[in-house]
Amino acid sequence: ISIINDFRHALNGLLQRPDASASQAVRLEYDRLQALIERMRRESSNNFYPDASFGIQGGVHVDLIPPSAGAYELFQVVGTHYTARVLPATQPEVAVSKDGTRLE
């Protein structure tokens with residue numbers, strides 16, 4: 001669930017501040033999510049969901065919680081707390097002239 005939430009959190013960031021850094025964060029999280037899906041498809045056993053145990057009373061309850069910002073709600077398994085993954089900072093793109101001076 002945390003990988004899905006990381007992707008949704010990155011999408012919220014992109015919607016708030018549509019720049020190259022936010023776009024790169026969404027791409028990184030999307031690639032992580034796709035890699036997980038591909039890995040699960042290749043495995044012959046289903047390790048993503050545990051086998052059902054009929055001795056368990058109740059079940060797992062998942063809520064949608066409002067994000068700190070943005071439109072995409074985050075998933076939260078009752079009894080857990082989601083913490084957004086911190087991505088490495090990227091330098092903003094800066095225009096530079098041919099002689100190397102920074103353009104504002």
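As the structure is a computational prediction, the values presented were derived from the model and not from experiment.
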Heavy atoms only: give me the nearest [X]-[Y] pair and the separation to one decimal.
X	Y	answer
Val26	Leu14	CG2-CB, 3.8 Å
Glu29	Phe7	CB-CA, 3.7 Å
Phe75	Asn5	O-ND2, 2.6 Å

For Leu74 and Leu64, run side-chain contact (heavy atoms from CB on, under 4.5 Å): C-alpha distance rounded to whole Å, both residues' side-chain angles, the deciding distance at 0.1 Å, then the answer.
-> CA-CA 5 Å; Leu74 305 175; Leu64 285 172; over 6 Å; no

Rounded distance [0.5 Å steps], [atom1] in [X] versus [atom2] in [Y]:
X	Y	atom1	atom2	answer
Ser2	Arg32	OG	CZ	6.5 Å
Arg8	Asp6	CZ	CG	12.0 Å
Arg41	Gln34	CZ	CD	7.5 Å
Arg17	Ser23	CZ	OG	11.0 Å

Side chain Asn12, main chain Pro67, donor-acceptor under 3.5 Å = no

Taking only residues at least two apart or on different chains, which pairs with a member in residues 67-79 satisfy salt bridge (Lys or Arg N to Asp or Glu O under 4.0 Å)?
->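 For residues 67-79, and leaving out neighbouring residues, there are no salt bridge (Lys or Arg N to Asp or Glu O under 4.0 Å) pairs at all.
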
